[in-house]
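Here the structure is a predicted model, which is why all the values come from computation and not from measurement. In what follows, every heavy atom counts, from backbone to side chain, and hydrogens, waters and symmetry copies are set aside. All ligand and atom numbering here is 1-based and tracks the order in the structure.
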Amino acid sequence: MLISMWKPGDIKGLPQVKIIQGWRPKTGDALCKECFYFAFETEIHNTIVEGGLFKSGQVVAIAASGGKDSTVLAYILKLLNKRHNYGLSLVLLSVDEGITGYRDDSLETVKQNKEDYEMPLKILSYQELYGWTMDAIVEQIGRKNNCTFCGVFRRQALDRGAALLKVDCVATGHNADDLAETVLMNVLRGDIARLQRCTAIITDAGEGSIPRCKPLKYTYEKEIVMYAYYKQLHYFSTECVFAPNAYRGHARAFLKDLEKIRPTAIIDIIHSGESLSIREDVRLPQLSNCSRCGFVSSQQLCKACVLLDGLNRGLPRLGIGKSSKINRSLAEDEERQKIKMNSAIDF
Ligand code: SF4
């Protein structure tokens, strides 16, 4: 491995007399500001090394939203890349969902990050990729299922952006709290296929796809906020105007309650997720490529194409629900259209 582990004692210039300034939310240790920075940065470096996230010479896109997680991720990857000679080229990749009063403002922060961290920035918009903004989608669908559209389109937009930039990997700002919430949600929904994959530090959708990794996988949200605050990083903290009262919100509230009683609950849930072994007879989705757009999909048509089809036909709810049924009916529809066209040509 090209990147070596870094242990306490290696650091030069740490103050010999520690001035205790507070308690680390993750461990309860009493630390001064400098020691907190050291512990925080070292843990992320060790996560990167142990997970084998990067190789020297790679181009890495940082999925940047302007929020605290991606801002801290950009700052820390630049810092660690220099400190430990990772040999990475870092770029920022952003998605503009077209949400007035939210994304337009947060993208200004990303543009500031571009200047602050001297990284190239690529922004892709839903409007240019799909012909729809989230503002227009919410007008059609209302505020109940809007995040389904937004999440599916964002996932694909990031893949498309990564392919355009020809990067080797996309680093996302998912933190320990996000992961623990996802484990809880998948347990509560009984979604075994997702439960198996959701704690992976590197996710790879299959041949030809660009892997994603989570360097902040074991980093607590509270510590990310503390670090950004003390380092005076410039980030955007307003919530999306379409943020719903989603299922994730309940998992988050539950997790926060658990964290108050026992701060290690977050990391314990992640470790439980990592240690689960799934029975062999549990069926997992078989990945192939969408017959329309070519992106990775477990169905004949990917979810983004199904949702887009519904929007374009004026039937926005078409893609909400059991995807196998919807896929079947769309594929049959497409087949009918093809037969119609062929018979028109023959005639
Ligand atoms: Fe998109 Fe929903 Fe997140 Fe807003 S809250 S950015 S609509 S996924």
Item to check | ring-ring contact (aromatic ring centres under 6.0 Å, His included) against Phe295, all qualifying residues, sequence neighbours excluded | outcome: none

Next on the checklist: Any N/O/S atom from Cys240 (main chain or side chain) under 2.8 Å of atom 4 (Fe) of ligand 1?
Outcome noted: yes

Checklist entry - Parallel, tilted or perpendicular for Phe40 and Phe36, by the 30°/60° rule? => result tilted

Next on the checklist: Once side chain to side chain donor-acceptor pair (under 3.5 Å) is applied, what residue pairs with a partner in residues 224-233 remain, sequence neighbours excluded?
Outcome noted: Glu41-Tyr227

Checklist entry - Which one holds for Asn146 and ligand 1: side chain close, backbone close, both close, or neither close, with close meaning a heavy atom under 4.0 Å? => result side chain

Checklist outcome for this item: Near Cys147 (heavy-atom distance under 4.0 Å), the atoms of ligand 1 are 2 (Fe), 5 (S), 7 (S), 8 (S)

Checklist entry - Under the side chain to side chain donor-acceptor pair (under 3.5 Å) criterion, do Arg248 and Thr182 qualify, and how do the steps go? => result CA-CA 8 Å; Arg248 181 173 282 276; Thr182 308; 3.0 Å; yes

Next on the checklist: If we set the cut-off at 4.0 Å for heavy atoms, which region of Arg154 has an atom near ligand 1: side chain, backbone, both, or neither?
Outcome noted: side chain

Checklist entry - For ligand 1, which atoms, with element, lie under 4.0 Å from some heavy atom of Cys150? => result 1 (Fe), 6 (S), 7 (S), 8 (S)

Next on the checklist: Is the distance between the ring centroids of His45 and Tyr86 under 6.0 Å?
Outcome noted: yes

